[in-house]
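Worksheet: the structure to be examined is printed underneath.
Proteins get letters first, then strands, A, B, ... in listed order; numbering begins at 1 in each.
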Amino acid sequence: MPELPEVETTRSGIEPHLLGKTIQGIVIRQPRLRWPIPQSLKQCLPGQQVLAVERRAKYLFLRLTQGTVIIHLGMSGSLRVLPAKSQPGKHDHVDLIFGKQCLRLHDPRRFGALLWTVVDPNKHKLIQHLGPEPLSSKFDGHYLYHLSCNRRIAIKNLIMDSKAVVGVGNIYASESLFRAGIHPARQSNRIALKRYMLLADKIKQVLQEAIIQGGTTLKDFQHEDGSAGYFAQKLQVYGRENAPCLHCEHPIMRRVIGQRSSFYCPNCQH
DNA sequence: AAATTCTCCTGAAGGC
DNA sequence: TGCCTTCAGGAGAATT
């Protein structure tokens, strides 16, 4: 379930614990994530220092002296900074050891990934074709409008396509379309520039609010109970099927679009 | 080329 | 209480 705000909150939460630290070793209890965790990390990592903790889309980069660890949390992954000797629980697949502390990857559904690259991670196969960051100036209404030209895809599927824009997952796609008053199934090429301007603004707004929210609710990355999951308290339509719309009180509808549940108000969104 | 479908996995929820 | 089935979900890969 981590969406971009959760990943960014994770990044800023673990960063102060890792910067400048030297990796002593790695413990891999379960290498079978989305892709196998490279066993070569056991030789590569020891002695390397963490120079930066970055995020691109929903990927995290641990920039080391010579190479980069790429981590994706999938939909159930989380990272914690814990005492290295603390007892691992079920689904605690990997520990990166930093002296008395460790960075522990927990991922029940194993849709996540932990990879290694010695070249620029932005040139990595999984990264290089990604679209712009939603919070960057490169992403705006004009960009979306030009992208939508001749495309018949439902707008919700377009904004969830990582080649179009990264970091907009199922939850925030529904939320931003509600705030922009756009029906999630509307064809992309049947939306005016002006409405795309609004949509881009709402995407930025919804993500930025959630990041700020996350900064206040998820600031403890050193304890198991530090996580509040995703920021459900801010959601206006997601998961609210049949509940009254917060604007007009019409029941919120749920409909599957592109294999994913979409929540919307049929009265407010067109 | 663009759009859709499939796939990995586990835990939660629902049915009986 | 407990077993079985169904479903959700990120996003790359495969297919149409």
Side-chain angles (χ1 to χ4, degrees), chain A residues 1-11 28-37 55-61 70-79 88-94 105-115 117 121-134 144 146-176 184-191 203 207 210 224 227 229-232 235 237-242 252-264:
Chain A
M1 247 162 288
E3 295 228 22
L4 187 142
E6 289 78 3
V7 178
E8 177 56 30
T9 302
T10 297
R11 190 205 63 76
I28 304 173
R29 301 185 192 86
Q30 168 60 276
R32 296 177 56 202
L33 300 188
R34 178 160 193 190
W35 297 281
I37 297 175
R55 178 189 61 75
R56 170 73 172 107
K58 294 180 189 171
Y59 293 90
L60 289 169
F61 297 161
I70 300 175
I71 298 172
H72 197 288
L73 298 176
M75 66 158 290
S76 60
S78 61
L79 289 168
K90 198 177 180 185
H91 308 308
D92 286 340
H93 306 313
V94 186
L105 174 64
H106 174 87
D107 185 6
R109 295 189 185 175
R110 294 198 269 131
F111 281 13
L114 193 152
L115 301 169
T117 179
N122 290 304
K123 297 288 195 311
H124 190 278
K125 178 188 171 190
L126 294 174
I127 309 295
Q128 64 176 338
H129 299 299
L130 294 174
E133 289 288 326
L144 271 183
H146 290 301
L147 196 69
S148 69
C149 174
N150 296 327
R151 297 194 58 180
R152 304 168 71 94
I153 188 177
I155 183 57
K156 177 158 179 281
N157 292 345
L158 180 69
I159 61 175
M160 288 181 67
D161 179 351
S162 63
K163 288 190 286 299
V165 58
V166 300
V168 182
N170 200 39
I171 295 171
Y172 295 119
S174 280
E175 291 299 311
S176 53
R186 171 164 285 271
Q187 278 187 25
S188 302
N189 61 353
R190 295 198 177 174
I191 297 173
I203 289 172
L207 293 173
E224 274 308 316
S227 171
Y230 61 94
F231 313 133
L235 304 183
V237 284
Y238 188 86
R240 296 192 64 240
E241 184 177 15
N242 297 326
I252 297 299
M253 304 261 88
R254 184 181 78 95
R255 178 172 151 190
V256 175
I257 299 170
Q259 321 286 87
R260 292 288 177 262
S261 283
S262 304
F263 297 86
Y264 63 98

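- Look at CZ on Phe111(A): it is 14 Å from C1' on dA13(C), rounded to the nearest Å.
- In this structure, CD of Gln128(A) is placed 12 Å from P of dG12(C), rounded to the nearest angstrom.
- Rounded to an integer number of Å, the gap from Lys125(A) NZ to dG12(C) C1' is 8 Å.
- The distance from atom CD1 of Ile203(A) to atom CG of Leu144(A), rounded to the nearest 0.5 Å, is 6.0 Å.
- For the pairing with His72(A), the ring pair (Phe, Tyr, Trp, His ring centres under 6.0 Å) check across Phe111(A), Phe61(A), Trp35(A), Tyr59(A) returns one residue only, Tyr59(A).
- Val237(A) has its side chain within reach of Glu175(A): a pair of non-hydrogen atoms, C-beta onward, lies under 4.5 Å apart.
- Residue Ser162(A) has no polar side-chain atom (N or O) positioned under 4.0 Å from OP1 or OP2 of dG10(C).
- Other residues, nucleotides and ligands contribute only 12 or fewer heavy atoms inside 6.0 Å of the CZ atom of Arg152(A).
- Met160(A) places its CE atom 14 Å from the C1' atom of dG12(C), with the value rounded to the nearest Å.
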Produce the list of close N/O pairs, under 3.5 Å, pairing protein atoms with atoms of nucleotides 3-5 of chain B; give distances to one decimal.
unit_1: dA3(B); atom_1: OP1; unit_2: Arg152(A); atom_2: N; d: 2.7
unit_1: dA3(B); atom_1: OP1; unit_2: Ile153(A); atom_2: N; d: 3.3
unit_1: dA3(B); atom_1: OP2; unit_2: Arg151(A); atom_2: NE; d: 2.6
unit_1: dA3(B); atom_1: OP2; unit_2: Arg151(A); atom_2: NH2; d: 2.8

- Would Glu6(A) and Lys58(A) count as a salt bridge (charged side-chain N to carboxylate O under 4.0 Å, His left out) if you check the C-alpha gap in whole Å, the side-chain angles of each, and the deciding distance to 0.1 Å? CA-CA 9 Å; Glu6(A) 289 78 3; Lys58(A) 294 180 189 171; over 6 Å; no
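- Computed from coordinates, the Ile127(A) CD1 to dG12(C) C1' distance equals 12 Å when rounded to whole Å.
- Considering only side-chain N and O atoms, His72(A) lies nowhere under 4.0 angstrom from the phosphate OP1 or OP2 of dG10(C).
- Counting non-hydrogen atoms under 4.0 angstrom, Leu33(A) reaches nothing in the nucleic acid.
- What separates CZ of Arg34(A) from P of dC6(B) is a distance of 16 Å, to the nearest Å.
- A donor-acceptor pair shorter than 3.5 Å cannot be found between the side chains of Asn189(A) and Ser148(A).
- For Arg151(A) and Ser188(A), the side-chain atoms include no donor-acceptor pair closer than 3.5 Å.
- Rounding to whole angstrom units, CD of residue Glu6(A) and P of dG10(C) are separated by 10 Å.
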Could you run down the sub-3.5 Å N/O contacts of the protein with nucleotides 10-12 of chain B?
unit_1: dT10(B); atom_1: OP1; unit_2: Arg110(A); atom_2: NH2; d: 2.8
unit_1: dT10(B); atom_1: O2; unit_2: Arg109(A); atom_2: NE; d: 2.8
unit_1: dT10(B); atom_1: O2; unit_2: Arg109(A); atom_2: NH2; d: 3.4
unit_1: dG11(B); atom_1: OP1; unit_2: His91(A); atom_2: NE2; d: 2.5

- Message: For a side-chain hydrogen bond (donor to acceptor under 3.5 Å, both in side chains) check, start with the C-alpha distance between Ser262(A) and Arg255(A), then their side-chain angles and the critical distance, and finish with the verdict.
- Response: CA-CA 5 Å; Ser262(A) 304; Arg255(A) 178 172 151 190; over 6 Å; no
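- Distance from the side chain of Lys58(A) is smallest for dA11(C) among the nucleotides dA11(C), dC9(B), dA13(C).
- Looking at Asp92(A) and His106(A), their side chains do bring a donor and an acceptor atom within 3.5 Å of each other.
- You'll find that the side chain of Arg254(A) is closest to dA8(C), out of dC9(B), dG10(C), dA8(C).
- Across the protein-nucleic acid pair, Leu60(A) atom CG and dG10(C) atom C1' stand 14 Å apart, rounded to whole Å.
- Among the atoms of the strands shown, none is found under 4.0 Å from any heavy atom of Lys163(A).
- In summary, of the residues considered (Leu147(A), Val165(A), Val168(A)), a side chain to side chain contact (heavy atoms under 4.5 Å, CB included) with Leu158(A) occurs for Leu147(A) alone.
- Within the structure, a side-chain polar atom (N or O) of Tyr59(A) is placed less than 4.0 Å from OP1 or OP2 of dG12(C).
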